[in-house]
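Note on naming: letters A, B, ... go to the chains in the order of the sequence lines (proteins, then strands), and numbering restarts at 1 for each one. No hydrogens, no waters, no symmetry mates; every other heavy atom, side chains included, goes into these values.
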Amino acid sequence: MFKIVKREEMAGGTVILNEIEAPLIAQKAKPGQFVILKANETGERIPLTMADTDPQKGTITVIYMIVGKSTALFKTLKVGEGYKDVIGPLGKPTHVEKVGTVVCVGGGTGVAVLHPIARALKEAGNHVIAVIGARNKGLLILEEQMKAASNELHVCTDDGSYGHHGFVTEVLKKMLETKDVKLVVGIGPVPMMKFVSKMTKEFNVKTLVSLNPIMIDGTGMCGGCRVSIGGETKFACVDGPEFDGHLVDYDGLMQRLQAYCDEEKECYGTFCKLNP
Amino acid sequence: MAEEEVKKAKKEAIPRQKMPEQAPEVRRRNFKEVPTGYTPETAMLEAQRCLQCKKPGCVDGCPVQVDIPGFINHIKEGNFTEAARLLWQKNSLPAVCGRVCPQEVQCEGVCIVGKKGQPVAIGNLERFAADYERINGKGELPPKAPPTGKKIAVVGSGPSGLTVAGDLIAKGHEVTVLEAFHKPGGVLVYGIPEFRLPKEIVFSEVAFMERQGVKLECNSVVGRTVTLDELFAQGYDAVYVGVGAGLPTFMNIPGENLIGVLSANEYLTRANLMKAYLFPEYDTPIVKGKNVVVLGAGNVAMDSARTAMRLGADNVKIVYRRSRQEMPARAAEIHHAEEEGIEFFLLTAPTRFLGNEKGRITGMECLKMELGEPDQSGRRRPIPVKGSEFKMDCDLVIVAVGAGANPLLTQSTPELSLNKRGYIIADPETGKTTKKGVWAGGDIVTGSATVILAMGAGRKAADSIHNYLKWGW
Ligand SMILES: Cc1cc2nc3c(=O)[nH]c(=O)nc-3n(C[C@H](O)[C@H](O)[C@H](O)COP(=O)(O)OP(=O)(O)OC[C@H]3O[C@@H](n4cnc5c(N)ncnc54)[C@H](O)[C@@H]3O)c2cc1C
Ligand SMILES: Cc1cc2nc3c(=O)[nH]c(=O)nc-3n(C[C@H](O)[C@H](O)[C@H](O)COP(=O)(O)OP(=O)(O)OC[C@H]3O[C@@H](n4cnc5c(N)ncnc54)[C@H](O)[C@@H]3O)c2cc1C
Ligand code: SF4
Ligand code: FES
């Protein structure tokens, strides 16, 4: 068992943080990599990015939004309990180098994925401008941590309840217009990454996005996670999860994410009835 | 008639004992094992059909030279435990091999009785002896040599890795098996379905090895969680790599990323390893097609087709670009599939997949083929027939046209030399690779082959590793 040593509720209980004992993974993990977790015998294999690692303590941290049966099941796990299986680190680490000014754009739980990458980019000597957003103030996560991981932090909410009133892309646009931005990292819901990439394309600024297709093994063995990148099929679990944002077929990805939506609804519905 | 001949004539009068099976109409909708196994009486009767040849063909036909007349003789005498012990001398997973070996091209294919009539049912007898011992035996541990203090890491818990682990633990070494998945067994667990090989058999074999002292570490992706060099740094003296051929092959035709086009690896992993056939009791979902097409005609294709039927399909079609003669699946699987109502569209190849506005598969365009000259594999090459385009409706396509070498481990170990197709180069006699202290075998060396060949390679490598630990590289 992989024991949970710390658990926090964020964004009004819609997002959960788990710090988990996994010494081997903690030692090897690099920013941008993910793990696959399985709660129990009957559980699904769920990929989550590592939001943090502590090699000394031998722990990894994941932050996930409750969207269906498996994440709802994860939410029920308490400190001292744990996951039956944790596999990783998987995927290619983010390529971190000094390029100058970098804008890191995060939406929703994407901020959790973005955080270690922003921190690494800053440590590598880049000027990191972070732009993070959420639907409203209550759903915003990791503001303090993002402040520490960046040189400048901009916060946006869709409803204007906090920070800039509007989408992250609006702030991004201003940055692209006024600064010599060398790299943009955009992580969040697929539509957000799509619009970020569309905008940076106009400014011809290199853009990295992190894709979240449905996965099973996470080792390149099933092809279920395939995404179309510049017309070529890639397996996100081994070739990614980060890709050149200008080459991604976002509409294809959005469709493939719906592959099991009927089954997922059924499964989640039953779980919610049993665990009100 | 001489006495000998009378005996022979009597033997020939016993017909090959039929394997009792679930009826096709019943089994096509459940996941229980299809053949139910011989009773002791039928097994003893079948064993009498063996001529106990002085120069048995079957033993040469078996890739690991099981003493076939020997174990059959024990069954004939009712010494089932002895039969199982004899099997184990050459084959550490007889309950598996009795079920999945392509006996018709191995032992049974060269059985002397088979020259005139039907061969002795060697596979069925092997299965019987192994099952009998698993269920009724005392589970006594085999003798173990005194500890040598040497440590071996086995990467991959498929049939090849398990064989190495079993052999080396018996020789007194410390053995740890590292497996990427959360469950051990390799293809035996994630690929071959429950109705052909009950998982409980594989797990009981693994549990037996653990009782002998083999350590099992699941969730260890070698190349990611730990590298081969780190294993040596941790104090391992030798490493065996048996990671299988875990890379799906797609057709590279338009529409391949539509929802409802799955690799057989994905489909079978969902169904078997994740138990999606028990959804929603298990959480992993699976596409339940009504009109299912399976591309390919090997064991993997048959397993996919029969799984789809069991998940409630109205019809399942095997679409294959060559003819029946070239189908690579075991004869028994093709026969079982046909009995269960799987249709065969031979000499047919898809050219594109068609989808709807939601990105779901609705059909495919196909071409008819004819056979030309033999190609490199010796099989006649399929050539498209001009103007033969036609459309086939479907809502699920499972691509089972072969597998490749997964680069995850090999990319992280540059000293391992690979062939053009990415498989590890290893000495066929010893399994030694180009990296000192590292052996490899099974599908990651040969490409997709069979359980028994993977086990045979494991046995040779175990011997070579043992010698190395005593005498050096
Ligand atoms: C590499 C990677 C990293 C990720 N990191 C994070 C993270 O740090 N935080 C976070 O909140 N989420 C992350 N996700 C998404 C997360 O895996 C899904 O939200 C989760 O699997 C949903 O499972 P569920 O059963 O709760 O919901 P479901 O009801 O099963 O599904 C809801 C939606 O989630 C997606 N999904 C379902 N199953 C899977 C699966 N096996 N793999 C991937 N997506 C699936 C589908 O689009 C589905 O429509 C990541 C995904 C990937 C591929
Ligand atoms: C659906 C299907 C049906 C088949 N039917 C038959 C049949 O009827 N008869 C027959 O003889 N053969 C059959 N075969 C072929 C047979 O199963 C294989 O030839 C055999 O399993 C190969 O054994 P192996 O030990 O080399 O590899 P595998 O069985 O593939 O096992 C390899 C193991 O290594 C693990 N692994 C991979 N990468 C890593 C890593 N980096 N770190 C740690 N672990 C790793 C994998 O998860 C897996 O568990 C079938 C194959 C399939 C897919
Ligand atoms: S291992 Fe396979 S080939 Fe050998 S005797 Fe058994 S069934 Fe026949
Ligand atoms: S998850 Fe199976 S290949 Fe990526």
Taking the side chain as C-beta and beyond, is there a heavy-atom pair between B:Lys288 and A:Glu263 under 4.5 Å?
no

Backbone N or O of A:Ala259 within a donor-acceptor pair of the B:Arg360 side chain at under 3.5 Å?
yes

Beyond-backbone contact of B:Glu256 with A:Thr233, side-chain heavy atoms, under 4.5 angstrom
no

Full working for side-chain hydrogen bond (donor to acceptor under 3.5 Å, both in side chains) between B:Asn257 and A:Arg256:
CA-CA 8 Å; B:Asn257 290 347; A:Arg256 285 186 64 82; 5.0 Å; no

In this structure, NE2 of B:His182 is separated from CD1 of A:Ile36 (nearest 0.5 Å) by 10.5 Å

Kindly indicate whether the side chain of B:Lys275, heavy atoms from C-beta on, has any atom under 4.5 Å from the side chain of A:Thr42.
no

What's the separation between atom CD1 in A:Ile87 and atom CZ in B:Phe181, rounded to the nearest 0.5 Å?
8.5 Å

At a 4.5 Å cut-off on heavy atoms, which part of A:Tyr268 comes close to chain B: side chain, backbone, both, or neither?
neither

Would you call A:Glu41-B:Lys183 a salt bridge at under 4.0 Å N-O?
yes

Any side-chain heavy-atom pair from B:Pro285 and A:Glu44 closer than 4.5 angstrom?
yes

Check: B:Ser263 side chain, A:Gly223 main-chain N or O, donor-acceptor pair, under 3.5 Å
no

Find the one option among A:Gln258, A:Glu264, A:Arg45, A:Lys38 whose heavy-atom pairs under 4.5 Å with chain B are most numerous.
A:Arg45

Under a 4.5 Å cut-off applied to non-hydrogen side-chain atoms, are A:Asp217 and B:Thr269 in contact?
no

With the side chain counted from C-beta on, respond yes when B:Tyr190 and A:Met221 share a heavy-atom pair under 4.5 Å apart, and no when they do not.
yes

Student check: side-chain heavy atoms of B:Arg224 and A:Lys28 closer than 4.5 Å
no

Are A:Phe271 and B:Pro280 packed together at the side-chain level, in the sense that at least one heavy-atom pair is separated by less than 4.5 angstrom?
no

